[in-house]
Asks: 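Mind having a look at this structure? Questions to follow.
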2 protein chains.
Amino acid sequence: MKEHKSISIADQIFEQLERDILAGKYQRGEALSELGLAKQLGVSRTPIREAIRRLEQENILQETGRGLLVVGISWEDMMDMYEIRMQIEGLAARRAAERITDAELAAMRDTLDLQRYYVEKGGESNSAQIKNLDSQFHEQLYQNSGSKAYCDTLLSLHKKITKFRMASVSKKSRALQSLAEHETIYQALAAHDGEAAARAATEHVRQARERIRTIETKEN
Amino acid sequence: MKEHKSISIADQIFEQLERDILAGKYQRGEALSELGLAKQLGVSRTPIREAIRRLEQENILQETGRGLLVVGISWEDMMDMYEIRMQIEGLAARRAAERITDAELAAMRDTLDLQRYYVEKGGESNSAQIKNLDSQFHEQLYQNSGSKAYCDTLLSLHKKITKFRMASVSKKSRALQSLAEHETIYQALAAHDGEAAARAATEHVRQARERIRTIETKEN
DNA sequence: TGGTGTATAAGTGTATACAGAAATACACCC
DNA sequence: GGGTGTATTTCTGTATACACTTATACACCA
């Protein structure tokens, strides 16, 4: 379904650098140079520069006048993003519940069913697939809020969170719990119950944060 | 106090295009071309492209594969941004109240006093100055939340709002009311009262939205 | 008259060349 | 030996050239 308009080198580099930075592959404060990246990636500086400008706009890279500084996001930043999402995603869900169409509901239902299929099937090989479907459900929710502002804000936060340190090890029990929460959100949307949708979405983000927090705490 | 690192042409073009797009100088859906902009602005395509990439990242410009599409923001988008800010700015204010230092309080006090000076002095010539100080107060608040996530999110929303259609005609009565609300926020911060700060900040954004809404409604 | 095919124009994507600034290294002088 | 001045290297910023894609216009043919 996705538009494949040839995907320029600049886009690929943007994606790769973003992923690497958010995944923590580069140290916070580490210095990079355009020429260095160009040589390393085997392309000219032009696409590198365009990728860099976008990363700067996202505030995960910073120009210093002489070289680039990796800003990235910290653990605290991510917790804060969850906190912000808890509020905004709830409001977006309320709106979605009030305006969602049957076709949009059916599409979310499909996403949910497919996700359930992969989760119950289990296996590490499907974890990428599951993560994509999880993201897709949220993106559909954002889209169905009908608000560009909500959609843009939430997409930006969600993208950073999902790429953070290759986050969220997929354990089946957690995946099932997350799925159940999605189901609750869906039911509220289907019932066009704004209040319930808002509560469910907020609670889902809160739980997701807790799941991540628990993992990290154990690691450290 | 601001860092003046020579301000590249690319940066200037970014600022200008962003301002023009958000101010409504370009029609929503209007097509632009790199070469056209380059000729019009008398520079090469290189800085144009870098500006465009940043604007794309902000979702106010969109690549179509053949030319650019002006997306901009609509009136509804801006109302939604206020709604989001109502929530997030409240939380940011709560945090700021809990951690703000005396030095930071003094800096906000200075901003406030200077704004009051210009507001009471009156006159259209100072409206730009007043707007800047107003923005500065909010930016200080964001900064003092101590959270990169809150700061980034709020700065992005605030920037778009302030540039929207050259928003907010400055009437002295409204400016005074806004100032009084800033004062309330400041008092809560100074008292390190998180709850009060959150309430005051949220209410201030709500009122700001109402002030804008009233103006627009009269215009249409 | 309508459709098709080609030529042309316009636009983006990428590489490269060049200018200028800034840090660094090194030699020279005291 | 230390400090200073200069040369060199290493960056970024900008312009330009070229490849490639696609829309468009126009002529030709059925």
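Remember, it's a predicted structure, so these values are computed and weren't measured experimentally. A, B, ... follow the sequence lines: proteins, then strands. Residue 1 opens every chain.
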Asks: So, under a plain 3.5 Å distance rule, would you say the side chain of Arg45(B) forms a donor-acceptor pair with the base of dG11(C)?
Replies: no
Asks: Is the backbone N or O of Ala198(A) less than 3.5 Å from a side-chain atom of Thr202(A), with the two atoms forming a donor-acceptor pair by type?
Replies: yes
Asks: When the distance from CG of Leu69(A) to C1' of dC11(D) is rounded to whole Å, what number comes out?
Replies: 15 Å
Asks: Atom CD1 of Ile9(A) to atom C1' of dT21(D): distance rounded to whole Å?
Replies: 15 Å
Asks: Below 4.0 angstrom, which residues in residues 30-38 of chain B have at least one non-hydrogen atom near DNA chain C?
Replies: Ser33(B), Glu34(B), Leu35(B)
Asks: For Tyr82(A), is the NZ or CZ atom of Arg206(A) found under 6.0 angstrom from the centre of its six-membered ring and inside 45 degrees of the ring axis?
Replies: no
Asks: So if I take every side-chain heavy atom of Arg66(A) and compare against dA23(C), dT12(C), dA15(C), which nucleotide ends up nearest?
Replies: dA23(C)
Asks: Picking from dT14(D), dG13(C), dT12(D), which would you name as closest to the side chain of Ala10(B)?
Replies: dT14(D)
Asks: Ile7(A) has an atom CD1; how far is it from atom P of dG13(C), in whole Å?
Replies: 13 Å
Asks: What closest approach, in Å, do Glu58(A) and Lys160(A) show between heavy atoms, and which atom pair accounts for it?
Replies: O-NZ, 3.2 Å
Asks: Between Glu56(A) (CD) and dG13(D) (C1'), how many Å, whole number?
Replies: 13 Å
Asks: So, for Leu189(A) and Ala197(A), which heavy atoms are closest and what is the spacing to 0.1 Å?
Replies: CD2-CB, 4.2 Å
Asks: For Asp11(B) and dT12(D), what is the distance between atoms CG and P respectively, to the nearest whole Å?
Replies: 14 Å
Asks: Can you tell me the distance, in whole Å, between the CD atom of Glu50(B) and the C1' atom of dT14(C)?
Replies: 13 Å
Asks: Taking only side-chain N and O atoms of Thr46(A), does any of them lie within less than 4.0 angstrom of OP1 or OP2 on dT14(C)?
Replies: no
Asks: Report the residues that fulfil salt bridge (charged side-chain N to carboxylate O under 4.0 Å, His left out) with Glu30(B), sequence neighbours left out, ordered by chain and then residue number.
Replies: none
Asks: Is a side-chain donor-acceptor pair under 3.5 Å present for Ser135(A) with Asn132(A)?
Replies: no
Asks: Rounding to a whole Å, what distance do you find between Ile48(A):CD1 and dT14(D):C1'?
Replies: 18 Å
Asks: Taking all non-hydrogen atoms of both residues, which atom of Leu179(B) and which atom of Gln115(B) are closest, and how far apart?
Replies: CD1-CD, 3.5 Å
Asks: Grab the NZ-P distance between Lys39(B) and dA15(D) for me, whole Å please.
Replies: 15 Å
